[in-house]
There are 2 protein chains.
Amino acid sequence: MKDTTPIQLKEIGLKITPQRQAILKLLKGNETHPSAESIYSEISKKFPGISFATVYNTLSKLIEAGEIRELDIDPNKRRFDPCVAPHTHFYCQACGNIFDISHDFHLPLTIKRIDGHQVDVVQLNLKGVCKNCRKIP
Amino acid sequence: MKDTTPIQLKEIGLKITPQRQAILKLLKGNETHPSAESIYSEISKKFPGISFATVYNTLSKLIEAGEIRELDIDPNKRRFDPCVAPHTHFYCQACGNIFDISHDFHLPLTIKRIDGHQVDVVQLNLKGVCKNCRKIP
DNA sequence: TCATAAATTATAATAATTATAAAATAAGAA
DNA sequence: TTCTTATTTTATAATTATTATAATTTATGA
C-alpha cells in the first residue's frame, strides 16, 4: 500500500534533523517494507556518517507516534511499513521480500476485546513463495 | 490449542535420543508457545549437559517434518507451537505471553494462490494487553 | 546570540541464533 | 553381541540484529 501522507516531525514533538528528514523521505511511499539495515545502508549514501542508533531511534519514535508500523512477519529481522492502514502482507520464504496484499479478508479490525484480552493490533500474515521466486526452480 | 498427538521420531527419519525424547515430552500438549531458551532451561533440569545447538537442531527438524509450527508473533524471539492445526494467537505486549484464541475468524485457510504468490502459511496474529496484565496498573 | 534539551555519533554490550569440528551414540548389519 | 557408520551431541566460536552508554553536536525557542 502506497502511503504518501507527509509525516510532520514537529507535530509529533520531534526535532527536525537532516537525518530524520532523510529517513522520512526514504519511508514515504516506500512499499518494500524495509529493515533497519536497508534503511541504514540507503541513508548512508547521502549521510555517510549516520549511525545505526539514529536509525533505530527514529524508527522507534515514529512507531510510538503511530506514524509507521512494525510488521511481525520476517523471522529474522524487524520490518517497517510507512502505511499504517490495516492490510495483509505476504512474506516470501525464498527471497525475503514482503508484498502488500490488497484483497480484503474481512478481518475483525474493530475488535477491542477477546477472551478478556485487550486487542490493539490485528495482522494477517501470508507466507510462501512469491510470484518471482516461483519462476526460478 | 492442546495437541497431544505423539510425534514418532523414527517415522520422520530421526534417531531416538534421550534429548529429543525430553524435548518432545516437553512440547506435547504444551500451550505456552515456548521459546528455544525456555525449552533449553526446562530440559536442562533433567539433562544438565544439553546444548542450545541440540535444542535448535531438534526444533528445526521437527518444523521441517511439519510436526510443530513456528510463530511470527514475538518480535524478540522464535516461538514454537506443537499444535499445527491452524488457530489464532494473541501476544501480550506487556508480559510476552502468547495465548491461543479459539474463536473462528473464518480465515481463508485453503487459499493456495494470491496475486500470483504461492501461499503455504496463513496466520492471524492479535496483539495487545492480556487479561492478566490489564489487572495490574 | 545563548541556553538547553534533544539528537547524533562512536562504541560497547547484549541477546538470539547459527556454524564448526571433535567426541559420542543410535541403529542396522554382520 | 559386536562392529560400522552415519547421525547426533557437545563445546565453542562466530554471526546478526538490536540496544545501551556516554560524549559531542545540534535544533530550537528565549
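In what follows, chains carry the letters A, B, and so on, assigned in the order in which the sequence lines appear, proteins first and then strands, with residues in each chain numbered from 1. In this text the structure is predicted, and so the values were computed from the model without any measurement.
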Indicate whether OP1 or OP2 belonging to [N] is found under 4.0 Å from a side-chain N or O atom of [X].
| X | N | result |
| --- | --- | --- |
| A:Lys61 | C:dA6 | no |
| B:Tyr56 | C:dT18 | no |
| A:Arg20 | C:dA7 | yes |
| A:Thr58 | C:dA7 | no |

Would you mind reading off the distance between [X] atom [atom1] and [N] atom [atom2], rounded to a whole angstrom?
| X | N | atom1 | atom2 | answer |
| --- | --- | --- | --- | --- |
| A:Phe80 | D:dT18 | CZ | P | 7 Å |
| A:Asp74 | C:dT17 | CG | P | 13 Å |
| A:Ile23 | C:dA7 | CD1 | C1' | 11 Å |
| B:Ile16 | C:dA24 | CD1 | P | 23 Å |
| A:Lys10 | D:dT28 | NZ | C1' | 8 Å |
| B:Lys77 | C:dT18 | NZ | C1' | 18 Å |
| B:Asn57 | C:dA21 | CG | P | 15 Å |
| B:Leu9 | D:dT7 | CG | C1' | 13 Å |

(message) Do the side chains of B:Arg78 and B:Asp72 get close enough for a salt bridge, i.e. N-O under 4.0 angstrom?
(response) no
(message) Under the criterion side chain to side chain contact (heavy atoms under 4.5 Å, CB included), I'd like the reasoning laid out for B:Leu59 against B:Leu27: C-alpha separation, chi angles, the key distance, then a yes or no.
(response) CA-CA 10 Å; B:Leu59 291 170; B:Leu27 285 173; 4.2 Å; yes
(message) Students often mix this up, so state it plainly: with edges at 30° and 60°, are the rings of B:His87 and B:His33 parallel, tilted or perpendicular?
(response) tilted
(request) Nearest-nucleotide wise, let me know which of B:Glu37 and A:Gln19 is further upstream toward the 5' end of DNA chain C. (result) A:Gln19
(message) If you assign B:Ser35 and A:Ala53 each to the DNA chain C nucleotide with the nearest heavy atom, which residue ends up on the more 5' nucleotide?
(response) A:Ala53
(message) Does B:Ser51 reach a base, just sugar-phosphate, or nothing at all? Heavy atoms under 4.0 Å.
(response) base
(message) Give me the atom names and distance for the closest heavy-atom approach of A:Lys28 to A:Thr5.
(response) CD-O, 4.4 Å
By nearest atom, which of the nucleotides [options] is closest to the [X] side chain?
| X | options | result |
| --- | --- | --- |
| B:Thr54 | C:dA5, D:dT10, C:dT9 | D:dT10 |
| B:Arg78 | D:dT19, C:dT17, D:dT10 | C:dT17 |
| A:Ala36 | C:dA7, D:dT18, C:dA10 | D:dT18 |

(message) Here's a test of your reading of the structure: between B:Asn76 and B:Gly13, which maps to the more 5' nucleotide of DNA chain D?
(response) B:Gly13
(message) Assuming nearest nucleotide by heavy-atom distance, tell me which of B:Pro18 and A:Phe52 is located more 5' along DNA chain D.
(response) B:Pro18
(message) By the definition side-chain contact (heavy atoms from CB on, under 4.5 Å), identify the one residue from A:Leu126, A:Asp81, A:Leu124, A:Ile101 that meets it with A:His89.
(response) A:Asp81
(message) Quick check: any donor-acceptor pair below 3.5 Å linking the side-chain of A:Lys15 to the base of C:dA5?
(response) yes
(request) For residues B:Phe47 and B:Pro18, determine if any side-chain heavy atom of one lies less than 4.5 Å from a side-chain heavy atom of the other. (result) yes
